[in-house]
Amino acid sequence: MPSIAYFGPEGTFTEQAARALAPDADLLPMPTIPDAVAAVRAGRTDLACVPVENSIEGAVSATMDSLAADLLTTDTATRPVVALAEHLLPIRFSVLVRPGLAAADVRTVASHPHALAQVQRWVRANLPNAEPRVAASTAAAAVGVVKGEFDAAVTAPVASRHYELDVLATGVADESDAITRFLLLSRPTAPPAPTGADRTSVILVVSHRPGELAAVLAELATRGLNLTRIESRPLRDRFGEYRFYLDLDGHIGEQRVADALAALRRRSQHVLFLGSYPKAEGVAAAVESPFRDSDYADSAAWVTAIARGENV
Ligand SMILES: O=C(O)C(=O)C[C@]1(C(=O)O)C=C[C@@H](O)C=C1
């Protein structure tokens, strides 16, 4: 049975995602996202599950930075990780309070910053006397309420099964269709087989010269690749310089993607492959000529024939 480190404690949305991604796994809660990623990197667990982006609050920077850890240090213990799968979770919160407490008595409401950002309007309207407090995760906020540190916690619905607190409200969300995307990470291994509806993720560091990023993106465009996401995070040791996170449609097992990644490798200071894995929404897009594997095979055979003197 594989083991999964996940962003805990028990009762987070990440636990729900981990259960959905690997129903038979042994789940190990970690107090922070870097701890969960470090556990799989170091081989203490087989897998890790972490949130990567939310439709309202955007990228989860702790995850983005943890994924790039090997770009930040030469320490050989920080080996890369790759994503094997992703999961999309619709996000509706529950608000848990100390037993017996009424909404008007709530003075502090705690949660993960991403969660607080997704319920700002609801809190203003329904907990008029509450000040927001940041907790390490939604479930860590519930633990804080149990310990008497906060009056209320904005949590995943499953948290009410883990902590003896009153449920003040359910289905709480400023935007009713909020979604968080989670990744299942492992140490580097062969990617899962292509499904026709896959995503490939990379991190790039490009030279700080005019046109470098545009040149990288042109490598994708000329191979008909659909860029589905681009994010940047600071390099940390060079102010004003960034690394770029790219998600694109396709699988490294497909020629157009492999060819583009080889071009990125030639063009960039550093490319870190973060995996090719099935897209959670699973809608296969038809690959058209001249970007099909058969187009690449045909043109490669033509070049080989010419080199042999068989000019056809
Ligand atoms: O604290 C949790 O329950 C988490 O799993 C983290 C997290 C996040 O990082 O965005 C996950 C989903 C929600 O958007 C709120 C918090």
Side-chain angles (χ1 to χ4, degrees), residues 4-22 25 27-40 45 47-68 83 85-96 108-123 132-147 149-150 152-163 165 167 169-185 229 231 233 245 280:
I4 306 190
Y6 71 93
F7 177 36
E10 286 181 322
T12 55
F13 285 105
T14 312
E15 179 185 347
Q16 247 176 287
R19 287 189 190 284
L21 282 162
L27 269 73
L28 274 110
M30 297 287 159
T32 69
I33 288 173
D35 286 336
V37 178
V40 67
T45 56
L47 301 162
C49 183
V50 288
V52 65
E53 64 171 325
N54 170 263
S55 58
I56 310 294
E57 262 307 280
V60 181
S61 33
T63 296
M64 307 299 270
D65 290 344
S66 298
L67 290 173
E86 65 175 18
H87 184 69
L88 299 180
L89 206 60
I91 301 294
R92 293 293 192 96
F93 298 94
S94 291
V95 177
L96 309 186
T108 51
V109 57
S111 199
H112 186 273
H114 264 217
L116 289 172
Q118 294 177 69
V119 299
Q120 289 176 65
R121 281 204 305 273
W122 187 93
V123 167
R133 293 277 188 275
V134 167
S137 68
T138 55
V143 172
V145 176
V146 170
K147 288 182 176 164
E149 293 165 9
F150 316 116
V154 177
T155 68
V158 288
S160 64
R161 285 191 231 143
H162 293 282
Y163 305 101
L165 296 170
V167 180
T170 56
V172 172
D174 288 351
E175 308 294 337
S176 58
D177 47 6
I179 287 179
T180 297
R181 184 162 73 99
F182 296 83
L183 293 178
L184 185 66
L185 303 173
R229 181 177 182 229
E231 297 276 352
R233 291 285 301 156
Y245 294 70

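Both ligands and their constituent atoms are indexed starting at 1 by order of listing. Small disclaimer: the values here were computed from a predicted structure and weren't measured.
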Distance from [atom] to nearest protein heavy atom, with residue and atom:
atom	value
atom 6 (C) of ligand 1	F7 CE2, 3.7 Å
atom 16 (C) of ligand 1	H112 ND1, 3.9 Å
atom 10 (O) of ligand 1	H114 ND1, 3.1 Å
atom 12 (C) of ligand 1	T180 OG1, 3.5 Å

Q. How about F93 and F13: are their ring centroids closer than 6.0 Å?
A. yes
Between [X] and ligand 1, find which residue part has any heavy-atom pair under 4.0 Å and reply side chain, backbone, both or neither.
X	answer
P51	side chain
T12	both
N54	side chain
Q118	side chain

Indicate yes or no: at least one non-hydrogen side-chain atom of [X] is less than 4.5 angstrom from one of [Y].
X	Y	answer
R133	E149	no
I33	P51	yes
L27	Y6	yes
H87	R181	no

Q: Consider every N or O of V60 and every N or O of ligand 1, then say whether any pair is closer than 3.5 Å.
A: no
(Q) Out of all atoms in ligand 1, which are within 4.0 Å of some heavy atom of S137? Include the element for each. (A)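 This gives 1 (O) as the contact atoms.
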(Q) Is a donor from one side chain sitting under 3.5 angstrom from an acceptor on the other, for D174 and Q120? (A)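 Checked: D174/Q120 side chains show no N/O donor-acceptor pair below 3.5 Å.
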Q. Between I56, T14, T138, V119, which one has a non-hydrogen atom sitting closest to atom 2 (C) of ligand 1?
A.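 Selected option, by shortest heavy-atom distance: T138.
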Q: Any chance you could lay out the side chain to side chain contact (heavy atoms under 4.5 Å, CB included) test for H114 and V60, step after step, and finish with the verdict?
A: CA-CA 8 Å; H114 264 217; V60 181; 3.6 Å; yes
Q: For residues Q118 and A178, report the shortest heavy-atom separation together with the two atoms involved.
A: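 Heavy atoms only, the tightest pair is OE1-CB, 3.6 Å.
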